[in-house]
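Read through the structure below, which is laid out as structure tokens, and then see the notes.
Chain naming here is simple, since letters A, B, ... match the order of the sequence lines and numbering starts at 1 in each.
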There are 2 protein chains.
Amino acid sequence: MKITKIKKARAAKIKKVKDILKPNTRALQKEATRATILNSALQIFSEHGYEGSSTRDIAAHAGVHHALIKYYFENKDSLWRAAVSFLFERQASEMNFAPPGASTKTREGRREYARTILRQYVLYCARHPEHARLMVQESVRDNDRLQWAADSFIVQTSRSAEKFVRLMQREGVMPQGSAPAMVYMMVGAAQMFYTLAPEVRRVWHIDPFDKNVIESHIDALQAVFIR
Amino acid sequence: MKITKIKKARAAKIKKVKDILKPNTRALQKEATRATILNSALQIFSEHGYEGSSTRDIAAHAGVHHALIKYYFENKDSLWRAAVSFLFERQASEMNFAPPGASTKTREGRREYARTILRQYVLYCARHPEHARLMVQESVRDNDRLQWAADSFIVQTSRSAEKFVRLMQREGVMPQGSAPAMVYMMVGAAQMFYTLAPEVRRVWHIDPFDKNVIESHIDALQAVFIR
DNA sequence: TCTCTCATTAACCGTTTGCATAATGAGTTT
DNA sequence: AAACTCATTATGCAAACGGTTAATGAGAGA
């Protein structure tokens, strides 16, 4: 047996081991890179707004060359849309608006349902403050991006929220009053604390993401909105 | 009498008339230009954020050459600080937190006081939505500008709000719960509707600045927060 | 009327921006 | 092991950016 053949056989074995240890090295890495860029985009966009964010900063934050943004997301606008899509899809997967069935038959059951929804939403806002931060920066002025986000996601989630509010009002669990106003009041009252976390820390010297602080915020929110 | 002398006398008279009709033409124009630039800065900063706004856009919006921004405000950072100072000083002059004296002795009087404060604040938010828009964009991340704004204005207004909340809670007019949380809930519930006006219009097909809409928002806010 | 002041503009500089294209080289296939 | 694929990087470009300096010209003062 020639040495070259042995070497060949050895190389083949090594290759097989590699294939087992790192299956689809390239494909996996590709997915990881894409995710890293998207993650950095969320961070940068939510803190600096669309126009205040540069694709180069996003790439640098992700530790990759800025040309990769074009490779993975075509351009800045598409990257932003991908980031927003990710936010709303994650929210849809993490939030559960389904009423717990039987328990809504009694008044106390319905109050418990309302409490759970508010609690869930506050926890979501605290877990992912970049969602509200990014959206708030886009919603202060009208343009193509807001129109797209509204048509694609906001209308849908707003309808859910409206249904929830009207149901709770009909049951006497939430105060009467204009449904749109009530939705924005609830959302604002739940978000603000985490969206403006840097201000909260500086002005009040408390960390809004502290477990106990979150819980007392939830308590206060429920005390205010639920009867 | 020479013709030139007559002309001279005539010119002098015309000049005096001009001086009466347009006193300090130049000084007035200067003040007007400064105010125009500051106004445009408020508009642009509040819609695009600090980094998303260009001094050239602000100058163009004001209809002046961009070099005038250096002439009047030194640089972009100082212009932003001047704009924020203007916002908070105007708020201080338009908002009146003084309790209406005798009427706070009865429980109904105290509720009326709380209602008035909330109403005043909502009307302010609706009258000047750029205030909350500009501040929200700065407060989502920590930096020198936020620190300056907090030290100069936000701490002070927050202390006022805290005092108000604690007083109302002690009197049983507002629900119990963490004071900082309660302040941000109230502020968020009052602001959001006007800060996100473009979104509100697109998603709900209503104009949050309509008189009747504002009034029903005030009603809802009072119904939620005041007992 | 003639100068002088200064509010305003024109022109320029170095840097950053979004985006495009070419070059590279590690991983895959044969 | 050679050929190929394609994820990544290097380079380049026109426009826009914040900021500076010199020029201008209308109103104020003598």
Side-chain angles (χ1 to χ4, degrees), chain A residues 2-12 14-37 41 44-45 48-60 62-80, chain B residues 2-12 14-37 41 44-45 48-60 62-80:
Chain A
K2 281 182 186 173
I3 292 179
T4 49
K5 262 201 174 176
I6 294 175
K7 273 194 178 168
K8 235 183 193 173
R10 206 178 172 187
I14 288 174
K15 191 180 181 303
K16 274 185 185 169
V17 170
K18 263 193 182 173
D19 287 351
I20 292 166
L21 288 177
K22 306 184 192 174
N24 302 326
T25 303
R26 234 179 168 187
L28 284 177
Q29 184 56 39
K30 187 173 181 180
E31 198 47 49
T33 302
R34 195 191 144 92
T36 304
I37 294 175
I44 305 290
F45 278 141
H48 303 267
Y50 179 82
E51 294 161 294
S53 304
S54 81
T55 55
R56 283 169 150 91
D57 280 350
I58 293 171
V64 299
H65 195 273
H66 67 263
L68 277 189
I69 285 177
K70 177 183 166 58
Y71 183 76
Y72 281 103
F73 297 95
E74 194 59 28
N75 56 32
K76 188 181 180 182
D77 191 81
S78 296
L79 173 59
W80 184 88
Chain B
K2 283 183 184 171
I3 292 179
T4 49
K5 263 202 174 176
I6 294 175
K7 272 191 178 170
K8 237 184 192 174
R10 204 179 175 189
I14 289 173
K15 191 177 182 302
K16 275 187 185 171
V17 170
K18 263 192 182 175
D19 285 352
I20 293 166
L21 288 178
K22 305 185 190 174
N24 302 327
T25 305
R26 238 183 165 181
L28 285 177
Q29 184 56 39
K30 187 175 182 181
E31 198 47 49
T33 303
R34 195 192 144 90
T36 305
I37 294 175
I44 305 290
F45 278 140
H48 302 268
Y50 179 81
E51 294 161 294
S53 304
S54 81
T55 55
R56 283 170 149 89
D57 280 350
I58 292 171
V64 299
H65 195 273
H66 70 265
L68 276 189
I69 285 178
K70 178 183 167 58
Y71 183 76
Y72 280 103
F73 297 95
E74 195 58 29
N75 56 32
K76 186 181 180 181
D77 191 80
S78 297
L79 173 59
W80 184 87

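Under the 4.5 Å side-chain criterion, counting only non-hydrogen atoms from C-beta, B:I37 is in contact with B:V64. Side-chain atoms of A:D77 and A:Y50, non-hydrogen and from C-beta on, do get closer than 4.5 Å to each other.
Checked against D:dG27, C:dT17, C:dA10, the side chain of B:T25 finds its nearest nucleotide in D:dG27. The side chain of A:H65 has D:dA10 as its nearest neighbour among C:dT9, D:dT5, D:dA10. Nearest nucleotide to the side chain of B:T33, out of D:dA10, D:dT8, C:dT8: C:dT8. Listed candidates were D:dA10, C:dT17, C:dT9. Nearest to the side chain of A:A67 is D:dA10.
Where B:K30 and A:N75 meet DNA chain C, the nucleotide closest to each residue was compared, and B:K30 sits on the side nearer the 5' end.
Judged by distance alone, with hydrogens and angles left aside, the side-chain atoms of A:K76 form no donor-acceptor pair with the main-chain N or O of A:I69 at under 3.5 Å.
Contact detail for B:A62 and B:T36: the closest heavy-atom pair is O-CG2, 3.6 Å.
Nucleotide D:dC17 holds its P atom 11 Å from the CD1 atom of B:I69, rounded to whole Å. Rounded to a whole Å, the NZ atom of A:K76 is 8 Å from the C1' atom of C:dG18. A:R26 places its CZ atom 15 Å from the P atom of D:dC4, with the value rounded to the nearest Å. The nearest whole Å value for the distance from the CG atom in B:L28 to the C1' atom in D:dA26 is 16 Å. Per the geometry, CG belonging to A:L68 stands 17 Å off P belonging to C:dT24, to the nearest Å. Put simply, CD on A:Q29 is 16 Å from C1' on D:dT5, counting in whole angstrom units. Going from atom CG of B:D57 over to atom C1' of D:dG18 covers 13 Å, rounded to whole Å. The CD1-C1' distance, from A:I37 to D:dT8, rounds to 10 Å in whole Å.
B:K70 comes within 4.0 angstrom of a base, heavy atoms only.
Taking 4.0 angstrom as the limit, B:S54 places a side-chain polar atom (N or O) nearer than this to OP1 or OP2 of D:dC17. Of the side-chain N and O atoms in A:T55, none sit less than 4.0 angstrom from OP1 or OP2 of C:dC19.
With hydrogens and angles left out, the side chain of B:H66 and the base of D:dG19 share a donor-acceptor pair within 3.5 Å. In this model, no side-chain donor or acceptor of A:R56 finds a partner on the base of C:dT16 within 3.5 Å.
Note: A:F45 CZ to A:I58 CD1 = 4.0 Å, rounded to the nearest 0.5 Å.
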